[in-house]
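Accompanying notes for the structure given below.
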There are 2 protein chains.
Amino acid sequence: MKRKNLSKAECPVARSLDVIGDWWSLLIIRDAFDGINRFSALQKNLGIARSMLTARLQELVEHGVLETAPASDGTAYQEYVLTEMGRGLFPVIVALRQWGEANLYQPGEQHSVLLETQTGKPVTRLELRSRENQVLKWRDTMVRKLSPDGKH
Amino acid sequence: MKRKNLSKAECPVARSLDVIGDWWSLLIIRDAFDGINRFSALQKNLGIARSMLTARLQELVEHGVLETAPASDGTAYQEYVLTEMGRGLFPVIVALRQWGEANLYQPGEQHSVLLETQTGKPVTRLELRSRENQVLKWRDTMVRKLSPDGKH
DNA sequence: GAAAACAGGTCTCATAATAAGACCGGAATA
DNA sequence: TATTCCGGTCTTATTATGAGACCTGTTTTC
């Protein structure tokens, strides 16, 4: 009766969710992108139970999304920083952000905004483009499955 | 002691996760993108408990991600299909897929692949681009927060 | 047309995950 | 040196999940 294990799935979406698909992981990763790297800072910012945070951080380190590093302020403590693999989740976070912005706020309701550092302007929409640089919508794509049972 | 409610968060990532951030929702949505729209087909494909699937589908319908429609095969049953809002999650699914492909498979290990329908070629990498069409990495962006406490 | 199988659920129960907060030892600070 | 901060662990109460029995109406098979 444990939660399903998706780590062997043939579908990359499922494998990703096996690593970062639970309730807190992506919020921790979002905070890491924002420079919130210390245990107590994460705990305070997220309002997560301390035992939960311990467990989640451990999992993310085991999976290679985060790694521990000596604290940047010179103290004896440590920080949790994104690995190269973890930084690869940037498009996931941006996609979630843009979907939320577009669909989950009332007109006029305020939210934080992602800016281009150089210009200070809001970033543009994340889009999948074809090899001819056309925007690809869902219907322009298809999944090639591998297994005979139709799973993927 | 209920699970945290993020629906009022100022951060769009958090609001998104409030809707689709639990263990099954994104897998259900992935299946919907793949044309798996019937209760029993979802249940079989995902291996999810029936009671869980009922609850998740209800939530996704309430949030406007899915809607029910008469079955496309003419029977008296119904289907769960993506709404416009739900179809907006396409970049999220693609981003998760590409991260999984890049990081969670052994060399040589096979997985399903997303193709451009027109050409049959694998889709290219989803990338955030600046207004000058340069690829934006994490460090090229920053979040403008709203609240004084530094949350977002 | 009757029987069997399928579709789309509900209900119950056992177990796992989560939230809340007390507690604790070492590090940093006043 | 005393006090507070940091990064946890432990316990307990509650909620979520997984497994599967059961149920009603629909469709298919014979």
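Here is how names work: the chains are called A, B, and so on, in the same order as the sequence lines, proteins then strands, and each is numbered from 1.
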Whole angstrom value for the distance that separates [atom2] of [N] from [atom1] of [X]:
{"X": "B:L42", "N": "C:dG8", "atom1": "CG", "atom2": "C1'", "answer": "12 Å"}
{"X": "B:L6", "N": "C:dT18", "atom1": "CG", "atom2": "P", "answer": "13 Å"}
{"X": "A:I36", "N": "D:dG7", "atom1": "CD1", "atom2": "P", "answer": "13 Å"}
{"X": "B:N5", "N": "C:dA19", "atom1": "CG", "atom2": "C1'", "answer": "14 Å"}
{"X": "B:I48", "N": "D:dG18", "atom1": "CD1", "atom2": "P", "answer": "7 Å"}
{"X": "B:E59", "N": "D:dT15", "atom1": "CD", "atom2": "C1'", "answer": "13 Å"}
{"X": "B:L57", "N": "C:dT10", "atom1": "CG", "atom2": "C1'", "answer": "14 Å"}
{"X": "A:Q43", "N": "D:dT9", "atom1": "CD", "atom2": "P", "answer": "14 Å"}

Donor + acceptor pair across side chains of B:S72, B:E79 (<3.5 Å):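 Yes, side-chain donor-acceptor contact under 3.5 Å.
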Pair A:R97, A:S112: side-chain N/O donor-acceptor within cut-off below 3.5 Å: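 Note: A:R97 and A:S112 side chains meet the donor-acceptor criterion.
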Which nucleotide sits closest to the side chain of [X]: [options]?
{"X": "A:R56", "options": "C:dA17, D:dA21, D:dA19", "value": "C:dA17"}
{"X": "A:T54", "options": "C:dA19, D:dT17, D:dT9", "value": "D:dT9"}
{"X": "A:F39", "options": "C:dA20, D:dG7, C:dT12", "value": "D:dG7"}
{"X": "B:M52", "options": "D:dT17, D:dT9, C:dT18", "value": "D:dT17"}
{"X": "B:S51", "options": "C:dG21, C:dG9, D:dA19", "value": "D:dA19"}
{"X": "A:R38", "options": "D:dG18, D:dC6, C:dG9", "value": "D:dC6"}

Sugar-phosphate, base or nothing in reach of A:S40, heavy atoms under 4.0 Å: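 Since only primed, P, OP1 and OP2 atoms lie under 4.0 Å of A:S40, the category is sugar-phosphate.
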Touch class at under 4.0 angstrom, heavy-atom based, for A:Q78 against every strand present: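 If one applies the 4.0 Å heavy-atom cut-off, A:Q78 turns out to touch the sugar-phosphate alone, with no base involved.
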Pair [X] + [Y]: basic N to acidic O under 4.0 Å:
{"X": "A:R38", "Y": "A:D73", "value": "yes"}
{"X": "A:E109", "Y": "B:R15", "value": "yes"}
{"X": "A:E127", "Y": "A:R125", "value": "no"}
{"X": "B:K8", "Y": "B:D18", "value": "no"}

Donor-acceptor pair present, A:R3 side chain and D:dG18 base, under 3.5 Å: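 It does not, because no donor-acceptor pair links the side chain of A:R3 to the base of D:dG18 below 3.5 Å.
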No-H, no-angle donor-acceptor pair, A:R50 side chain to D:dG7 base, under 3.5 Å: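 Per atom types, the contact qualifies.
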Validation row, ring centre B:Y80 to ring centre B:F39 under 6.0 Å: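 Distance test on ring centres: not under 6.0 Å, no.
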B:W23 side chain near C:dA17 phosphate (N/O to OP1/OP2, under 4.0 Å):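 Checking C:dA17 against B:W23, no side-chain N or O comes under 4.0 Å of OP1 or OP2.
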Short side-chain N/O contact from A:K4 to OP1 or OP2 of D:dA19, under 4.0 Å: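 Checking D:dA19 against A:K4, a side-chain N or O does come within under 4.0 Å of OP1 or OP2.
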Nearest-0.5 Å distance, OG1 of residue B:T68 to CD of residue B:Q78: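 The distance works out to 5.0 Å.
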Sugar-phosphate or base contact per nucleotide [nucleotides 24-30 of chain C; S, B, -; heavy atom under 4.0 Å]: --BBS--
